[in-house]
There are 2 protein chains.
Amino acid sequence: MGMRLAARDESVPLAAAPTKARGMSRERAKEARRRQLIEATIDGIARKGFADLKIADIAAEAGLSVGIVNFYFKSKDALLIATLKHLVEDYEQHVSQVLARAGKSAAAQIDAMIEADFARTHANRKHVTVWYAFWGETRWRPEFSKLCADLSTAFQQSMTEAMQRLIDEGGYRDIDASLVARGLNAMIDGLWLDMLINPKQTDRETAKASVRALLAGLFPKEFGPRRSANDVSAA
Amino acid sequence: MGMRLAARDESVPLAAAPTKARGMSRERAKEARRRQLIEATIDGIARKGFADLKIADIAAEAGLSVGIVNFYFKSKDALLIATLKHLVEDYEQHVSQVLARAGKSAAAQIDAMIEADFARTHANRKHVTVWYAFWGETRWRPEFSKLCADLSTAFQQSMTEAMQRLIDEGGYRDIDASLVARGLNAMIDGLWLDMLINPKQTDRETAKASVRALLAGLFPKEFGPRRSANDVSAA
DNA sequence: ATAATCTGAATGATGGTTCAATCAAATCAC
DNA sequence: GTGATTTGATTGAACCATCATTCAGATTAT
């Protein structure tokens, strides 16, 4: 390898490197930087798109230099995988929290899952944009694929269980819990796409109303027209 | 501009250029090549993904040289836009045909739209893959965005009209046609995503069954458990 | 003969990655 | 404690591989 020494201009001082907070252990500081770069990647995708996202964009978004990315992640690809992993974990945690806070009845749990999916913190333009960017690439990246499939399966399972409980307790006939749960989850993802493509026509509230409209037909006792969301949310 | 002359090896003959069929006018031949390149682009996206698709891949897929792409399209971007336009037009035509063949009752028309969406020719791995690739990029490409939004709006409108007719004629109460139509369309898109991410769990038939399961709850007379798809399909 | 079509090597721009130099924090020596 | 030394973190220019695009020349159709 030949010389690649830079002729640094001594008259220009280097930008002050952001200093870790006092008392923060090196290990924790390292974790914080990784997190910072992941957040910058999310913002970067939202701003520039998946295809146009450069390492330089991520660095700029984080207020750091380009070299730093390969110091904390072995490649751009590894950073993208870490970012999707972060999104998945964040989403799982969000749903768990909402479910734990909700009433234990089957209807309340289903309602909570819907609320979780359309919460302001997650069903916003930035998040939806980034999720669809990843989904668009999933097909050719096995690591993306696995993360998405596992999340989808887990959510599907929770929804099916709650649905089965609702069917059993409510004495409903001729309803396949698994099919309905799959349709419901699909509808939620599709409504996200709608919010992405037609934000004028579909907002969070309209989307939630759409989901409830279909639930009302299947489970009139719990989601019927005379019952409000508050009724089912109460334990 | 300096010389960029190639020292072509005269001993190797150029590959025979595919010749247009006899009697084909130049205008038609040109259209055929454009179409060929668009098909190659679709195959290329399906095979390599949006992010990794090179001009060389498209040319190879079409069995032509790299130079040809910029002869028929002013840029790679223009080719991608033409490809999406082709997909949109093809899909619109497909839906029109299926609707025209179906019975005129509201239920039959709704059923036909579902059948159209899950037809073997369109709800297959290749098509779904490519659509999601485009959707993933839509956010940052106004041309993509407009094409997708227009298609979505048109389909939404047809579905809402049929739904309203079903509600009026069937004497249903407390059902908002627009909300239900939006939910239904969203569910279809979401089931496509499911087929993409979890192909083992979700195939065309399961997906259709999911849609019908929800419709059965809302419109028991037309889609209820005792009625088969054939019943509503008949005029 | 002329125009349209087609080829593929050369070009030039772009952007991921590397790495020598520099800075900052932690540890050590006393 | 204070200065010296080691270790870790950060920078950004240089490197280099990768394409989209161009275009001189070859081929084919009219």
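Within every chain, numbering begins at 1; the chains are lettered A, B, ... in the order of the sequence lines, protein sequences first and strands thereafter. The basis for the numbers below is simple: all heavy atoms, side chains too, and nothing from hydrogens, waters or symmetry mates.
- As rounded to whole Å, 18 Å separates atom P of D:dA14 from atom CG of A:Asn70.
- Heavy atoms of A:Leu79 sit nowhere under 4.0 angstrom from any nucleic acid atom.
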Applying ring pair (Phe, Tyr, Trp, His ring centres under 6.0 Å) to A:Trp131 and A:Phe134, what does each step give before you reach the verdict?
CA-CA 5 Å; A:Trp131 268 107; A:Phe134 275 107; 7.1 Å; no
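- Between the CZ atom of A:Arg33 and the P atom of C:dA25 there is a distance of 11 Å, given to the nearest Å.
- Counting to the nearest Å, the P atom of C:dT14 and the NZ atom of A:Lys48 are 12 Å from each other.
- Using a 4.0 Å cut-off between charged side-chain N and carboxylate O, A:Glu31 and A:Arg35 make no salt bridge.
- Whole-Å rounding puts the B:Ile68 CD1 to C:dT5 P distance at 9 Å.
- B:Lys76 has its NZ atom 15 Å from the P atom of C:dT14, to the nearest Å.
- Between D:dT10, C:dT5, C:dT17, one nucleotide has an atom nearer to the side chain of B:Lys30 than all others, and that is C:dT5.
- A salt bridge links B:Lys126 with B:Asp43; the closest basic N to acidic carboxylate O contact falls under 4.0 Å.
- Computed from coordinates, the B:Phe71 CZ to D:dT28 P distance equals 15 Å when rounded to whole Å.
- The distance between atom CZ of B:Phe73 and atom P of C:dT5, rounded to the nearest whole Å, is 14 Å.
- Residue contacts shown for B:Tyr72 are limited to sugar-phosphate atoms, with no base heavy atom under 4.0 Å away.
- For B:Asp77 and C:dT14, the CG to C1' distance is 16 Å, given to the nearest whole Å.
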Can A:Asp194 and B:Ser152 be said to form a side chain to side chain contact (heavy atoms under 4.5 Å, CB included), step by step?
CA-CA 8 Å; A:Asp194 235 35; B:Ser152 157; 4.0 Å; yes
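- Checking A:Gly67 against A:Lys54, the closest nucleotide of DNA chain C that is more toward the 5' end is the one next to A:Lys54.
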